[in-house]
Amino acid sequence: LDRDVDMAVTGQRHPFLCKYRASARKSTGKLEYLEAELWSNGGNSLDLSGPVMDRALFHIDNVYKWPALRVKGVVCRTNLPSNTAFRGFGGPQALMFSEAVMDHLGFALGLGGTGGAHSASQLLDFRKRNLYKEGDLTHFDQALVGWNVPRLIQEAEASSELAAREAAVHEFNSANRFRKRGISLQPTKFGISFTAKFMNQGGALVHVHTDGTVLVSHGGTEMGQGLHTKVCQVAARVFGIQVDQVHVSESATDKVANSSPSAASLSTDLYGMATLNACEQIVQRLEPVKKEILAARLAQGNAQEPTFKEVTYLSVIALPLHRISCRFRIRMRPARGIISACKVENRPVWQISVRDVHEVEAADFERNGLGVLAAPKSGNLSYRCFQSLIGSGIARLSSSFSFASFRPVCASLHLPPTCAPPTPPHS
């Protein structure tokens with residue numbers, strides 16, 4: 001189809017018609033009542049015309065407190081293409097009606113009707129006199145909590161230099177017969193989330209790796225609105241790391257199933273909070289490990305808080321695999337600088353002692369520069385040191401570990417120089 005034909009036969013934003021009666025008291029400039037009827041052109045099928053009308057009815061009050069309000073909505077079936085959801089979903093149409101009512105009442109009260117230098121300011125003052133206040137109920141009985149619109153109007157009026165620009169507009173209009181300018185400041189409120197409440201749910205899956213990086217999978221769709229960036233910022237803030245240490249995988253149902261559409265201005269709130277919830281649970285699980293590391297440092301006179309990377313690297317055994325029943329053997333491969341480990345008795349890992357290491361001759365350790373593990377006086381091995389030996393394969397019968405990753409752990413434990421691991425040989 002040609003583009004013009006395609007646009008003609010495809011549904012568009014719902015056209016609306018509004019008829020209303022409204023009243024305001026002239027002596028005080030306060031609103032009294034609003035009675036409105038809304039009609040929308042749904043086209044030849046219902047589609048989403050019902051929810052679109054619902055949202056229009058919810059937004060007919062905009063930010064203004066009407067002591068008495070009655071509103072009725074009708075979806076009209078016509079012989080035109082079926083209209084469907086567009087950005088705003090009925091809200092912009094109702095907000096425009098609300099502002100038209102306020103302008104109509106303002107002009108009827110003699111505010112700004114002459115087009116003078118302060119007409120916009122007079123109409124804005126009329127609006128500010130009728131704003132909702134904190135805790136007020138809307139016409140659908142929702143309490144307004146955290147109501148920031150009055151403060152936003154004040155900040156916008158000051159930062160935009162409304163009074164000075166309004167005077168400049170009046171001066172321009174006085175000097176030009178045919179060309180005219182205008183200026184206005186109009187507040188709005190828009191309700192996020194789906195009117196179908198069961199759709200207001202989402203999930204996030206957060207993986208924390210032992211190198212301190214984080215992988216987040218959530219149910220939202222990135223379409224240029226910056227959702228992935230904001231989710232990364234949430235995770236980075238909770239874990240106390242840089243944003244570039246957090247990565248987001250594309251949405252997939254095998255990670256987060258049954259996700260709702262990325263719509264209703266809800267995705268940042270929904271998936272940001274899901275990510276926040278998941279990250280806070282992980283932080284809570286890592287807290288015992290963090291406290292133990294800090295306690296060990298304080299015992300050595302070091303009060304430095306462990307970094308997130310240190311906590312995640314040293315916390316692998318804090319997972320449910322606390323007890324392992326198998327035998328292990330430690331042997332050295334000098335050609336590759338690799339230790340293969342496998343065998344601990346049935347006890348918590350952090351209680352493993354050098355006397356529990358079987359089938360290993362002290363001469364083998366000394367010859368390979370591992371006297372620290374063979375020394376009988378060394379007592380219980382720190383579970384962090386032991387974990388560095390068996391690497392991430394603690395639940396398996398065999399695992400490999402590189403000296404390159406062992407050295408920084410020993411350094412953080414402040415081992416004597418004689419106990420430091422040897423330099424790995426070249427492969």
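Any value given below was found using the heavy atoms of this structure, including those in side chains, with hydrogens, waters and symmetry copies removed.
Here the side chains of His139 and Arg70 are not in contact, with every heavy-atom distance at 4.5 Å or above. Thr221 has its side chain out of reach of Leu227: every pair of non-hydrogen atoms, C-beta onward, lies at least 4.5 Å apart. At least one side-chain heavy atom of Ile60 sits under 4.5 Å from a side-chain heavy atom of Leu69. The shortest side-chain heavy-atom distance between Asp2 and Asp6 does not fall under the 4.5 Å cut-off. The closest side-chain heavy-atom distance from Thr138 to Leu144 is below 4.5 Å. Annotation: side chain of Ser260 is in contact with side chain of Gln201 (closest heavy-atom distance under 4.5 Å). In this structure the side chain of Leu215 never reaches within 4.5 angstrom of the side chain of Val206, judged on heavy atoms. Between Leu38 and Leu17 there is no side-chain heavy-atom pair separated by less than 4.5 Å.
Not counting sequence neighbours, the partners of Phe308 by the ring-ring contact (aromatic ring centres under 6.0 Å, His included) test are Phe239. Take Phe58 and apply the ring-ring contact (aromatic ring centres under 6.0 Å, His included) test, not counting sequence neighbours, and it matches Phe140. Remark: Lys291 pairs with no residue by the salt bridge (Lys or Arg N to Asp or Glu O under 4.0 Å) rule, at least two apart or across chains. When the ring-ring contact (aromatic ring centres under 6.0 Å, His included) test is applied to Phe172, no partner is found at least two apart in sequence or on another chain. Partners of Arg237 by salt bridge (Lys or Arg N to Asp or Glu O under 4.0 Å), not counting sequence neighbours: none found. In this view, Met7 and Arg3, Gln12 satisfy the side chain to side chain contact (heavy atoms under 4.5 Å, CB included) rule, not counting sequence neighbours. Remark: Asp47 engages Ser45, Ser82, Thr84 in a side chain to side chain contact (heavy atoms under 4.5 Å, CB included) (not counting sequence neighbours). Among residues two or more places apart in sequence or in another chain, the side chain to side chain contact (heavy atoms under 4.5 Å, CB included) test is passed with Lys290 by Glu287, Glu305, Pro306, Val311. Here Tyr33 pairs with nothing under the ring-ring contact (aromatic ring centres under 6.0 Å, His included) rule; sequence neighbours left out.
Within a 6.0 Å radius of CZ in Arg181, no more than 12 heavy atoms belonging to other residues, nucleotides or ligands are found. Under a cut-off of 6.0 angstrom, the local environment of CD in Glu161 is sparse, with at most 12 non-hydrogen atoms contributed by other residues, nucleotides or ligands. Heavy atoms from other residues, nucleotides or ligands lying under 6.0 Å from NZ of Lys65 number more than 12. In this structure, His207 places its NE2 atom where more than 12 heavy-atom neighbours from other residues, nucleotides or ligands lie under 6.0 Å away. In the displayed structure, Met199 atom CE is contacted under 6.0 Å by more than 12 heavy atoms of other residues, nucleotides or ligands. Annotation: Glu171, atom CD; neighbour count of heavy atoms from other residues, nucleotides and ligands within 6.0 Å does not exceed 12.
When atom types are taken as modelled, the side chain of Asn83 and the backbone of Gly42 share no donor-acceptor pair closer than 3.5 angstrom. Gln122 contributes no side-chain N or O that, together with a main-chain N or O of Leu111, makes up a donor-acceptor pair within less than 3.5 Å. Between the side chain of Asn41 and the main chain of Gly43, a donor-acceptor pair closer than 3.5 Å is present. Between the Asn130 side chain and the Gly29 main chain, a donor and an acceptor come within less than 3.5 Å of each other. No donor-acceptor pair closer than 3.5 Å links the side chain of Arg21 to the backbone N or O of Ala36. Under the 3.5 Å distance criterion, the side-chain polar atoms of His218 are left unmatched by any main-chain donor or acceptor of Gly203. Panel note: side chain Glu292, backbone Val289; no donor-acceptor pair is recorded below 3.5 Å. Judged by distance alone, with hydrogens and angles left aside, the side-chain atoms of Asn62 form a donor-acceptor pair with the main-chain N or O of Lys189 at under 3.5 Å. Checked by atom type and distance alone, the side chain of Glu166 never pairs as donor or acceptor with a backbone atom of Ser184 at under 3.5 Å. For Arg13 (side chain) and Arg87 (main-chain N/O), a donor-acceptor pair under 3.5 Å exists by modelled atom type.
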Chi angles and distances behind the side-chain contact (heavy atoms from CB on, under 4.5 Å) call for Leu48, Phe89:
CA-CA 9 Å; Leu48 287 171; Phe89 213 74; 4.1 Å; yes
Tyr64 and Glu99: CA distance, side-chain angles, deciding distance, side-chain contact (heavy atoms from CB on, under 4.5 Å) verdict:
CA-CA 10 Å; Tyr64 310 113; Glu99 291 305 308; 2.8 Å; yes
Check the pair His14, Ser49 against side-chain hydrogen bond (donor to acceptor under 3.5 Å, both in side chains), reporting the backbone distance first and the verdict last.
CA-CA 8 Å; His14 287 76; Ser49 299; 2.8 Å; yes
Does Lys128 form a salt bridge (charged side-chain N to carboxylate O under 4.0 Å, His left out) with Asp125? I'd like the steps, not just the answer.
CA-CA 5 Å; Lys128 290 193 290 187; Asp125 290 339; 3.7 Å; yes
Determine whether Glu37 and Cys18 satisfy the following criterion, side-chain contact (heavy atoms from CB on, under 4.5 Å), listing intermediate values before the conclusion.
CA-CA 6 Å; Glu37 295 184 45; Cys18 177; over 6 Å; no
Give the intermediate values and the outcome of side-chain contact (heavy atoms from CB on, under 4.5 Å) for residues Val256 and Ser251.
CA-CA 8 Å; Val256 179; Ser251 303; over 6 Å; no
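To the nearest 0.5 Å, atoms NZ (Lys180) and NE2 (His170) are separated by 10.0 Å. Atoms CG and CD, on Asp136 and Gln142 in that order, are 12.5 Å from each other to the nearest 0.5 Å. Atom-to-atom distance recorded for Leu1:CG and Thr10:OG1 is 8.0 Å, nearest 0.5 angstrom. To the nearest 0.5 Å, atoms CG (Leu95) and CZ (Arg55) are separated by 10.5 Å. Interatomic distance, Trp66 CH2 to Glu32 CD, rounded to the nearest 0.5 Å: 9.5 Å. Interatomic distance, CZ of Arg127 versus CG of Leu31, reported as 10.5 Å (0.5 Å rounding).
Taking the six-membered ring where the residue is Trp, Tyr132 and Trp147 present perpendicular rings, their angle passing 60° and hence far from 30°.
Listed by first and then second residue, the side-chain hydrogen bond (donor to acceptor under 3.5 Å, both in side chains) pairs involving residues 263-284 are Lys230-Thr268, Asn277-Gln281 (not counting sequence neighbours). The salt bridge (Lys or Arg N to Asp or Glu O under 4.0 Å) pairs that include a residue from residues 137-152 are Arg151-Glu155, where partners are two or more places apart or lie in different chains. A ring-ring contact (aromatic ring centres under 6.0 Å, His included) check over residues 34-54, counting only residues at least two apart or in different chains, returns nothing.
A donor atom on one side chain and an acceptor atom on the other are found under 3.5 Å apart for Ser217 and Ser249. Using modelled atom types and a 3.5 Å distance limit, the side chains of His209 and Thr312 yield no donor-acceptor pair.
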